[in-house]
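Okay, so here's the structure we're looking at.
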Amino acid sequence: MSSKGIALITGASTGIGAVYADRLAKRGYDLILVARSKDKLDDVAKQIHSSTGRRAETLQADLSIPADVRRIADRLATDSSITAFVNNAGIASASKLLDSDPDYLEQIVQLNVTAFTRLAVAAASNFAKHSKGLIINIGSVVALAPELLNGVYSGSKAFVQNFSTALKNELADKGVTVQVVLPGATATPLWEKAGVNIHTDLPPEWVMTTEDMVDASFAGLDQGEFATIPALPHAADFEAYEKARLALAPNLSRREPAARYGVGAQK
């Protein structure tokens, strides 16, 4: 079977990343799977090769370590056979800010923002050079609802949302497709690591299976969506949100303060 090139997926050993690996293999991509656990990566690679016949290389890397991030970024920036990138690796926190370990909050920023950015820029530069490629950034609905969970995690996902919007605009005429996916609560090991039992701590009607989430994201991609919110019934709701946001633009930066403040020339 001919290949669409290679898709590199971070956080590919379990959960969302492992399902993306399966679905991309079935869509005709060979794979580079990146995660901390070599054993789990090898299991995913064997299963994919057995079920699809596609090649799956594994790269062990801890993206909380800058040297490992640089190693994966170098591969993304220089390997012309890579044509898709799923920027999925990340960690979450459900504890309140004042109850959180500052070192863990810093790790969220390192993984969800710093590593995320370096890898996305590396892939984008490579894809733009060859005028083709697909970048899928995994965000979260908490980017739109900062009142949920804590501000570091939701802030990191708001970064993903803003970054993806800017990246899409910058790559619009360069043949590169950018999608940002904003899942709600999804049944993945991420929540267990964050101290949340999705089976007891969340209403069951909130929790989507990983398979359904990824399949919805691909359906959105195939329909030409930039932002895909798998649980949102009506795309027009997000379009209205974006329209309201963009309507602010003409008045966000002006020489004089608004008259309602009664300062400056408005005195």
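Note: hydrogens, waters and symmetry copies are ignored here, and every other heavy atom, side chains too, is used.
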- Intermediate values then yes/no, ring-ring contact (aromatic ring centres under 6.0 Å, His included), F127 and F85: CA-CA 10 Å; F127 295 168; F85 173 47; 7.7 Å; no
- Task: Please answer: with hydrophobic residues joined when any side-chain heavy atoms are less than 4.5 Å apart, are V180 and Y241 in the same cluster?
- Result: yes
- Message: Between I32 and I9, is there a side-chain heavy-atom distance shorter than 4.5 Å?
- Response: no
- Message: Just checking E211: does its CD atom have more than 12 heavy atoms from other residues, nucleotides or ligands closer to it than 6.0 angstrom?
- Response: yes
- Query: Of V86, V214, I138, V160, which is the lone residue that meets side-chain contact (heavy atoms from CB on, under 4.5 Å) with V181?
  - Reply: I138
- Task: Check whether any side-chain heavy atom of S81 lies under 4.5 Å from a side-chain heavy atom of I6, and answer yes or no.
- Result: yes
- Message: Is there a path of hydrophobic side-chain contacts, each under 4.5 Å between heavy atoms of I/L/V/M/F/W/Y residues, joining L97 to V113?
- Response: yes
- Item | Rounded distance [0.5 Å steps], CG in L63 versus CD1 in I91 | 11.0 Å
- Query: Is any side-chain heavy atom of V178 less than 4.5 Å from a side-chain heavy atom of F226?
  - Reply: yes
- Query: Checking salt bridge (Lys or Arg N to Asp or Glu O under 4.0 Å) for the pair D74/R70: CA distance, chi angles, key distance, verdict?
  - Reply: CA-CA 6 Å; D74 287 347; R70 288 193 294 270; over 6 Å; no
- Considering all heavy atoms of both residues, which atom of A73 and which atom of L119 are nearest to each other, and what is their separation? N-CD2, 3.5 Å
- Task: Evaluate the criterion salt bridge (Lys or Arg N to Asp or Glu O under 4.0 Å) for residue pair D43 and K46; output intermediate values, then yes/no.
- Result: CA-CA 5 Å; D43 288 344; K46 288 175 185 175; 5.0 Å; no
- Item | Nearest-0.5 Å distance that lies between atom CG in L134 and atom CZ in R27 | 9.0 Å
- Query: Between N112 (side chain) and S156 (backbone), is there a donor-acceptor pair under 3.5 Å?
  - Reply: no
- Message: For residues V207 and L148: do they belong to one hydrophobic cluster (side chain heavy atoms under 4.5 Å, members Ile, Leu, Val, Met, Phe, Trp, Tyr)?
- Response: yes
- Message: Please check: side-chain N/O of N162 versus main-chain N/O of T165, any donor-acceptor pairing under 3.5 Å?
- Response: no
- Task: Measure the spacing between CZ of R245 and CG of L252 and express it to the nearest 0.5 Å.
- Result: 10.0 Å
- Message: Determine whether T78 and N126 satisfy the following criterion, side chain to side chain contact (heavy atoms under 4.5 Å, CB included), listing intermediate values before the conclusion.
- Response: CA-CA 7 Å; T78 59; N126 190 2; over 6 Å; no
- Item | Gap separating the OG1 atom of T58 from the CD atom of Q60, nearest 0.5 angstrom | 8.5 Å
- Message: Less than 4.5 Å apart, side chain to side chain, heavy atoms only: is that true for S13 and R36?
- Response: no
- Task: Determine whether the side chains of S64 and D62 contain a donor N or O and an acceptor N or O closer than 3.5 Å.
- Result: yes
- Message: With no hydrogens and no angle check, just 3.5 Å: does a side-chain donor-acceptor pair link T228 and Q179?
- Response: yes
- Any side-chain heavy atom of D237 within less than 4.5 Å of one from H234? yes
- Yes or no on side chain to side chain contact (heavy atoms under 4.5 Å, CB included) for T117 and F159, after CA distance, side-chain angles and deciding distance? CA-CA 10 Å; T117 301; F159 176 87; 3.1 Å; yes
- Is Q107 close to D103 at the side-chain level, that is, under 4.5 Å between some pair of heavy atoms? no
- For the hydrophobic clusters of this structure (ILVMFWY residues joined by side-chain heavy atoms under 4.5 Å, transitively), does one cluster hold both F116 and Y104? yes
- V176 and A128: which non-hydrogen atoms are nearest, and at how many Å? CG2-N, 3.9 Å
- Query: In this structure, are over 12 heavy atoms from other groups packed under 6.0 Å from K174 atom NZ?
  - Reply: yes
- Message: On a heavy-atom basis, which atom in A21 and which in I48 lie closest, and how many Å separate them?
- Response: CB-CD1, 3.5 Å
- Just by distance, do the side chain of T188 and the backbone of I16 share a donor-acceptor pair under 3.5 Å? no
- Query: What distance do L8 atom CG and Y29 atom OH have between them, rounded to the nearest 0.5 Å?
  - Reply: 13.0 Å
- Any side-chain donor near an acceptor of the partner, N150 and S93, under 3.5 Å: yes
- Does the side chain of M208 come within less than 4.5 Å of P230's, by heavy atoms? yes
- Message: Assess the residue pair D68 and R71 against the criterion (side chain to side chain contact (heavy atoms under 4.5 Å, CB included)); give the C-alpha distance rounded to whole Å, side-chain angles, the decisive distance to 0.1 Å, and a yes or no.
- Response: CA-CA 5 Å; D68 280 10; R71 177 163 54 88; 3.5 Å; yes
- Message: Testing the basics here: between S51 and D22, what is the closest heavy-atom pair and its distance to 0.1 Å?
- Response: OG-OD1, 4.4 Å
- Message: For D30, give me all partners under side-chain hydrogen bond (donor to acceptor under 3.5 Å, both in side chains), at least two apart in sequence or on another chain.
- Response: S3, R54, R55
- Message: To the nearest 0.5 Å, what is the distance between OG on S164 and CD1 on I136?
- Response: 11.0 Å
- Query: Just by distance, do the side chain of S37 and the backbone of K40 share a donor-acceptor pair under 3.5 Å?
  - Reply: yes
- Task: Not counting sequence neighbours, which residues clear salt bridge (Lys or Arg N to Asp or Glu O under 4.0 Å) with E57? List them please.
- Result: R75
- Query: Does a side chain donor of either S95 or S100 reach within less than 3.5 Å of an acceptor in the other side chain?
  - Reply: yes
- Chi angles and distances behind the side chain to side chain contact (heavy atoms under 4.5 Å, CB included) call for I229, L144: CA-CA 11 Å; I229 306 175; L144 308 178; 4.0 Å; yes
- Item | Any side-chain heavy-atom pair of T177 and I135 under 4.5 Å | no
- Task: Indicate the atoms forming the closest heavy-atom contact of A115 with V69, along with that distance.
- Result: CB-CG2, 3.7 Å
- Just by modelled atom types, is the Q161 backbone N or O under 3.5 Å from a matching donor or acceptor in the N137 side chain? no
- Honestly curious: do I65 and L59 fall in one hydrophobic cluster under the side-chain, below-4.5 Å linking rule? no
